[in-house]
Amino acid sequence: MSSLTSTITQAALPLPRQPDLSRIPGDEGAPLVGHTFKQLRDPIAFAEQMHAKYGPVFRLRAFGRTQLSLLGPDANELVLLNQNKVFSSDLGWSPTLSRLFPNGLMLLDFEVHRAHRRLMAFAFKPNVMQGYVAGLNEGIAARVAQWGKTGRFKFYPAIKQLSLELAAAPFLGIAWGADAQKINTAFAAMVQASIAPVRRPLPFTQMRKGVKGRETLSAFFSQEIPKRRSTSGEDMLSILCNAVGDDGKRYTDQEITDHMTFLMMAAHDTITSSATSLAHELGRHPRWQKVLRAEIAEAGLSEGPVSYDTLPGLTQIEMAFKEALRLHPPVPALPRRTIADIHFSGFDIPAGTFVGINPLFTHRMEDHWPDPLRFDPTRFTPENVAKRHKYAWVPFGGGAHMCLGLHFAHMQAKLLFTHLLRAYEIVLPEGY
């Protein structure tokens with residue numbers, strides 16, 4: 001079968017050497033580990049300390065490599081818009097993700113990325129997403145009803161379980177059961193391994209567990225893909241198995257495995273993190289729970305399934321979701337690597353430099369977000385959005401690599417919190 005990437009491959013990208021960055025302000029941190037553990041322990045405090053000491057461009061060492069951090073909306077725009085094609089997402093993410101999520105969409109660049117993204121976009125078209133709503137309604141309603149029987153419980157593990165249950169049908173076309181539970185365990189191991197300080201799959205390490213999880217998923221997809229190629233289906237796996245590009249080319253089995261593994265990870269991890277953050281903020285701010293319940297009632301959604309056509313009207317829920325993403329972006333930093341020399345903010349940055357932008361820091365800059373630690377969904381009214389730097393809010397990235405599933409995430413969040421808020425009040429434990 002002709003592969004989509006048979007004529008343009010990632011191997012065409014240059015692989016520059018690590019350049020000397022000693023002229024740029026910063027420091028290497030502790031011997032061997034650099035700043036790795038400081039970043040993992042408190043990423044916002046670390047960024048604020050380094051910014052106060054060195055400014056918006058600084059050098060650091062973390063996860064085994066020297067790199068530059070570029071802070072602020074202008075840096076986000078430079079890197080994400082990537083007008084001159086000097087920033088490689090593949091070379092930036094690969095040291096962290098290639099062992100676990102090789103060739104996922106985020107690890108592709110330029111023409112290859114564009115070709116794959118165009119083919120995958122079909123799975124997120126409005127008419128296709130509309131078909132996901134019935135299953136999501138049913139799954140959310142059933143699980144939310146069960147939550148009410150437990151009284152007090154931990155939300156993060158509960159929403160993590162739910163997000164994987166919900167992904168089983170629209171993503172994989174299977175009912176929740178033994179296979180889905182096995183996939184759940186595999187994904188959990190892979191996500192944890194992606195940020196593990198030990199980067200080799202040594203015995204008893206988290207990375208070893210992650211690699212085994214990858215093997216489990218590869219075995220699952222190798223069994224499923226041949227079945228889906230001969231049948232039609234509306235789930236994402238079936239869509240990718242039967243997708244044909246404008247040039248008549250289709251995905252290979254390996255490409256489907258790589259894309260599905262990455263898509264499942266991105267969708268599951270994003271909604272788990274962001275829904276937990278929003279639930280937490282609503283628990284801290286009961287007034288906003290009342291505002292959202294009023295909107296749900298006004299939309300005629302006090303009971304029963306939530307139709308696809310009613311979702312655009314839930315603007316208050318969308319603003320609250322965006323504000324939670326501002327305060328707690330699921331991906332706090334986005335890495336790239338330069339493949340050509342660039343100049344930014346008074347510094348010459350050579351080819352081969354690992355650089356990272358920091359949504360978590362940008363989302364709390366007082367110049368763009370007055371009283372930045374306050375939860376205030378009205379920051380996302382159309383009028384307030386229009387006044388702000390376009391790249392001051394980037395939880396889904398931007399430019400060519402803007403998250404393909406961002407509308408799916410918004411849809412799932414609206415469905416979840418409509419069901420949740422019309423049934424319960426979110427209350428945090430005393431002193432939480």
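Computation of the quantities below employed the complete heavy-atom set of this structure, encompassing side-chain atoms and omitting hydrogens, waters and symmetry-equivalent molecules. In this chain, numbering begins with 1 at the start of the sequence shown.
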Spacing of L70 atom CG and E77 atom CD [to the nearest 0.5 Å]: 13.5 Å
Could you check whether any side-chain heavy atom of K322 comes within less than 4.5 Å of a side-chain heavy atom of M319, counting everything from C-beta outward? no
Would you say the rings of F380 and W393 are close, in the sense that their centroids are separated by under 6.0 Å? yes
Do F347 and R23 come within less than 4.5 Å of each other through their side chains, counting heavy atoms only? no
Distance-only, no hydrogens or angles: does the E165 side chain make a donor-acceptor pair with backbone N or O of G139 under 3.5 Å? no
Are the side chain of S273 and the backbone N or O of T270 linked by a donor-acceptor pair below 3.5 Å? no
Output the distance between atom CG (N82) and atom OG1 (T338), rounded to the nearest 0.5 Å. 10.5 Å
NE2 (H401) and CZ (R114) are apart, to the nearest 0.5 Å, by 10.0 Å
Between H407 and F124, ring centroids under 6.0 Å: no
Output yes when a side-chain donor or acceptor of Y251 lies under 3.5 Å from a complementary backbone atom of H116, and no otherwise. yes
Can you tell if the side chain of I296 reaches within under 4.5 Å of the side chain of Q316, non-hydrogen atoms only? no
If we only count heavy atoms from C-beta on, is the F321 to S274 side-chain gap below 4.5 Å? yes
Do N358 and H363 meet the criterion of a side-chain donor-acceptor pair at a distance under 3.5 Å? no
How far apart are the C-alpha atoms of N384 and R388, what are their side-chain angles, what is the distance that settles it, and do they pass the side-chain contact (heavy atoms from CB on, under 4.5 Å) test? CA-CA 7 Å; N384 286 334; R388 208 161 39 238; 4.3 Å; yes
How about H280 and F155: are their ring centroids closer than 6.0 Å? no
Steps toward side-chain contact (heavy atoms from CB on, under 4.5 Å) verdict (N103, E255): CA-CA 8 Å; N103 303 313; E255 287 168 341; over 6 Å; no
Between F46 and F37, does a ring pair (Phe, Tyr, Trp, His ring centres under 6.0 Å) hold up when you go through it step by step? CA-CA 10 Å; F46 173 76; F37 293 103; over 10 Å; no
Within 6.0 angstrom of D371 CG, more than 12 heavy atoms from elsewhere: yes
Side-chain heavy-atom pair K209, Q192 within 4.5 angstrom cut-off: no
Set out, in order, the CA-CA distance, both residues' side-chain angles and the distance that settles side chain to side chain donor-acceptor pair (under 3.5 Å) for H328 and E281, then state yes or no. CA-CA 10 Å; H328 315 285; E281 293 296 344; 2.8 Å; yes
Residues K414 and E318 bridged, charged N to O under 4.0 Å: yes
Stepwise side-chain contact (heavy atoms from CB on, under 4.5 Å) test for L60 and F58: CA-CA 7 Å; L60 69 151; F58 57 85; 3.9 Å; yes
Any chance the side chains of D235 and Y132 put a donor and an acceptor closer than 3.5 Å? no
Does any part of the side chain of L282, heavy atoms only, come nearer than 4.5 Å to the side chain of F417, both counted from C-beta? yes
What's the separation between atom CG in L311 and atom CD in Q130, rounded to the nearest 0.5 Å? 9.5 Å
Restricting to non-hydrogen atoms, name the atom on Q18 and the atom on L21 that form the minimum distance, rounded to 0.1 Å. NE2-CD1, 4.0 Å
Minimum heavy-atom separation for S88 and I339, please, with both atom names. CB-CG2, 4.0 Å
Would you check if the side chain of S94 reaches a backbone N or O of L91 as a donor-acceptor pair within less than 3.5 Å? no
Do other residues, nucleotides or ligands put more than 12 heavy atoms under 6.0 Å from the CZ atom of F204? no
If you define the side chain from C-beta out and look only at heavy atoms, does anything of D348 sit under 4.5 Å from I342? no
Check the orientation of H51 and F361. Use parallel for under 30°, tilted for 30 to 60°, and perpendicular for over 60°. tilted
Side-chain (N137) to main-chain (V306) donor-acceptor, under 3.5 angstrom: yes
I would like to know whether E28 and T66 meet side chain to side chain donor-acceptor pair (under 3.5 Å); could you show each step before the answer? CA-CA 7 Å; E28 301 288 303; T66 299; 3.0 Å; yes
Under the rule for salt bridge (Lys or Arg N to Asp or Glu O under 4.0 Å), what residues qualify as partners of E215, not counting sequence neighbours? K212
All heavy atoms of E323 vs all of R374, minimum pair found to be OE2-O, 3.1 Å
How about F354 and F63: are their ring centres within less than 6.0 Å of each other? no
Given the rule in the side-chain contact (heavy atoms from CB on, under 4.5 Å) test, do K249 and L119 qualify, once you have shown the distances and angles that lead to the verdict? CA-CA 10 Å; K249 294 177 181 177; L119 203 54; over 6 Å; no
Give a yes or no on whether the backbone of T96 and the side-chain of R199 come within a donor-acceptor separation of less than 3.5 Å. yes
Nearest heavy-atom neighbours spanning R59 and I24: NE-O, 3.1 Å
Roughly how far, to the nearest 0.5 Å, is the OH atom of Y424 from the CZ atom of R293? 12.0 Å
Taking 4.0 angstrom as the limit, do D258 and R214 come out as a salt bridge? yes
Any donor-acceptor N/O pair, R61 side chain to V33 backbone, under 3.5 Å: no
Ignoring hydrogens and angles, tell me if any N or O in the side chain of Y391 forms a donor-acceptor pair with the backbone of G397 under 3.5 Å. no
R65 side chain to A62 backbone, donor-acceptor under 3.5 Å: no
Nearest heavy atoms of A333 and P359, plus distance in Å: CA-CD, 3.8 Å
With ring centroids as reference points, do F101 and H259 lie under 6.0 angstrom apart? no
CG (L292) and CG (L314) are apart, to the nearest 0.5 Å, by 9.5 Å
Taking the side chain as C-beta and beyond, is there a heavy-atom pair between E295 and V291 under 4.5 Å? no
Around atom CG of L32, are there more than 12 heavy atoms from other residues, nucleotides or ligands closer than 6.0 Å? no
Between N76 and H389, is any side-chain donor less than 3.5 angstrom from a side-chain acceptor? no
Which atom names give the shortest non-hydrogen contact between P330 and L325, and what distance separates them? CD-CD2, 3.6 Å
Counting distance only, does the side-chain N/O of T261 pair as donor-acceptor with the main-chain N or O of T257 below 3.5 Å? yes
